[in-house]
Protein chains: 2
Amino acid sequence: MKQPTILDVAERAGVSKSLVSLVMREPERVSDASREAVLQAAAELGYRPNAVARSLVRRRTGVIGVVLSDLHNPFFADVADGIEEAAFERGYRAMLSSGFLNPKRERGAVETMLELRVDGLIMLGSMMKVPKIERVASSLPVALLGRHTRSKDLDSVGVDDSAGAQEAVEHLVSLGHSEIVHIHAGSAAGSPRRRSGYEKAMRRHGLEPRLVKGAFTESGGAKAMQEILDSGNLPTAVFAPNDFAALGAMEVIDAAGLDIPGDISLVGYDNLALAGLPRISLTTIGQPRADLGREAVHLVLERLDGDRKSARHVVVPPNLVVRNTSGPPRS
Amino acid sequence: MKQPTILDVAERAGVSKSLVSLVMREPERVSDASREAVLQAAAELGYRPNAVARSLVRRRTGVIGVVLSDLHNPFFADVADGIEEAAFERGYRAMLSSGFLNPKRERGAVETMLELRVDGLIMLGSMMKVPKIERVASSLPVALLGRHTRSKDLDSVGVDDSAGAQEAVEHLVSLGHSEIVHIHAGSAAGSPRRRSGYEKAMRRHGLEPRLVKGAFTESGGAKAMQEILDSGNLPTAVFAPNDFAALGAMEVIDAAGLDIPGDISLVGYDNLALAGLPRISLTTIGQPRADLGREAVHLVLERLDGDRKSARHVVVPPNLVVRNTSGPPRS
DNA sequence: ACGAGGTCTTGGAACGTTCCATGCTTGCTG
DNA sequence: CAGCAAGCATGGAACGTTCCAAGACCTCGT
């Protein structure tokens, strides 16, 4: 059970510990004979370098911490894939931890990461307050993802939500819609920008914005949609704040016996995998998820390696994905 | 940027490093005056214990590694929640890494975990070969989840897949079905047991098992369903190996203009969140996911603390969730 | 007034690496 | 054949903790 150390290997190979260390790190700088001896001894003993000791002396762990607010959100899973991928390519490892949609637990997760001395931190859909995150950023590079900030200390990468919302509206308008309601998610991360994009595009076409408050959840979307139906003033299209909310709205519309898109068009946001299921087939706004993750890694490593000091805020454009929930308005 | 160490705190507080260490670990054993001084100095400096150094001397990291084969599988996300929860309660942290559905990359993830000297390892839906995993288990406690094994070195926790499959068949038979096809996923983790449970239950009712090979994916389910339709011999019910496959089958059935459950009943396995969506509403077999995770942590810590030596294989029962894709057979 | 016993506190040796300055061989140059 | 560079190998210090044996200081009973 006890793991062999570099000293055990050195002894068995008849060389010094320094040489073993060198073989592990830069084998080409060691003579063939020594290298073979060390490698063989290591294999025989089942030696595995102790990353803990290495991190201690190097003062680098080679680990990028990722705190994601919710493991179940497939959006984060895609982003995390991009992160792991990019980190791996650059010789780093990613270590994930969940915040369980709870700011307190998220804080705990961050604290743990700091104690473990991760080299950089990526926060996915964080629920913590910006000043708190800024304090964290004073001891290591931090990149915020899926949330906008103008902070001078924090890097961020996000999608241009306003542009995405405008695309959604443009799409509906081009189909002939003029009564387009937007369900918004209050001040939840991302919602204000989507809302302002919606309003901007509506006004550009001389249309009257109509807002209903919902949330980024299925039930939030359902509640809002019910409110719309109950108002007696049925719009020809609904633009939801995300796919989950759209799903909730879809259920309510179905239950009311209305047809999508015959009676009402529906557009979501996020392009979750489930939006592509044939029975759902939701028109929505897609985001280059894995790219977001890669970009975040990039930002962190940029600070780590080249020590850039000023914050960078990367914004990538979204794209419209047309499916079967949007069509011409009912006549 | 440079982090303060225990020595900095000691100096500022005018005490020895040992005392600072003690305050951090067992504050009650230190005099009030010293404790206050140390705590204040630590706060002023923004001191944060270095877990790397601590792990080195303790020869324990307090981290449980979790390698999951796929971050996107919501099943794993639920299990991982249970793991993080249980680990936290016991004073451990969970560290996640994805294997990207690729045995080689999974091996890399495991290797990384070992180098980081995690105290225990939980493998979710591993794609590695059992002997390889057993070799890993010789240096730390390993629990296998979502996969069965009789290994003498490995602990495992799983759902009784055979029982679940039998429940599915019983349900269909009780509705009056006798022509029930099972799409199986070959030798993929879990499939053989589901298949044998299916066969067992069929025979118990004097029915002829009919198998079609598919996979644990949407496309695998679609392909198999297409084969069933093309055979010209339409069964009255289909039992898929998991919900994704059921979804694929559902699409094909829809596309063929057949009604579910009017023309054909469909039962999945896993009870994913999407199976509960009104438009999907899939009858399926549910599993107590978070409990599986908790149980795995339990097994690992049992070995870690009490040094149990023999393997334990925990099996928990599944439960049938009836929704709208199952009904009486067409007449 | 002294020793026993208790409470707090301390210095130093680990833990398993990396990194650096230095040393030992060779072989080559002039 | 002295001198020196190149190539390889080495020992020791450092990284920031924990843990332990032992020291310092009190209090109290006799």
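Every chain is numbered from 1, with letters handed out A, B, ... down the list of sequences. Please read these numbers as outputs of a predicted model, since none were measured by experiment.
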Report yes or no: do [X] and [Y] form a side-chain donor-acceptor pair below 3.5 Å?
X	Y	result
A/Glu106	A/Ser69	no
B/Arg93	A/Thr112	yes
B/Gln40	B/Glu44	yes
A/Tyr92	A/Arg60	yes

If I take atom [atom1] in residue [X] and atom [atom2] in nucleotide [N], what distance separates them, rounded to the nearest angstrom?
X	N	atom1	atom2	result
A/Glu11	C/dG16	CD	C1'	15 Å
B/Arg117	C/dG16	CZ	C1'	9 Å
A/Leu22	C/dG16	CG	C1'	17 Å
A/Glu26	C/dC19	CD	P	8 Å
A/Leu116	D/dG16	CG	C1'	14 Å
B/Ile6	C/dT10	CD1	P	12 Å
A/Arg35	D/dG7	CZ	P	15 Å

Using the side-chain heavy atoms of [X], tell me which of these nucleotides is nearest: [options].
X	options	result
B/Leu19	D/dT17, D/dC19, C/dT9	C/dT9
A/Thr5	D/dA9, C/dC19, C/dT17	C/dT17
A/Arg25	C/dT9, C/dT18, D/dC15	C/dT18
A/Arg54	D/dT18, C/dT17, D/dC19	C/dT17
A/Lys17	C/dG16, D/dG12, D/dT18	D/dG12
A/Ser16	C/dT10, D/dT10, D/dT17	D/dT10
A/Val57	C/dT10, D/dT17, D/dC15	D/dC15

Exercise. So what does B/Ser31 touch, heavy atoms closer than 4.0 Å: a base, only the sugar-phosphate, or nothing?
Worked result: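 Sugar-phosphate only.
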
For this session: Would you indicate what A/Val52 reaches in the nucleic acid, counting non-hydrogen atoms under 4.0 angstrom: base, sugar-phosphate, or nothing?
Result: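 A/Val52: no heavy atom of the nucleic acid under 4.0 Å.
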
Exercise. Of B/Leu56 and B/Glu28, whose closest DNA chain C nucleotide lies nearer the 5' terminus?
Worked result: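 Closer to the 5' end of DNA chain C: B/Glu28.
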
Exercise. Does the base of C/dC8 carry an N or O that pairs as donor and acceptor with the side chain of B/Ser34 under 3.5 Å?
Worked result: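 For B/Ser34, whose side chain was compared with the base of C/dC8, there is no donor-acceptor pair (under 3.5 Å).
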
Problem set entry | B/Leu304 versus B/Pro141, closest heavy-atom pair with distance |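 So the minimum-distance heavy-atom pair works out to CD1-CG, 3.6 Å.
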
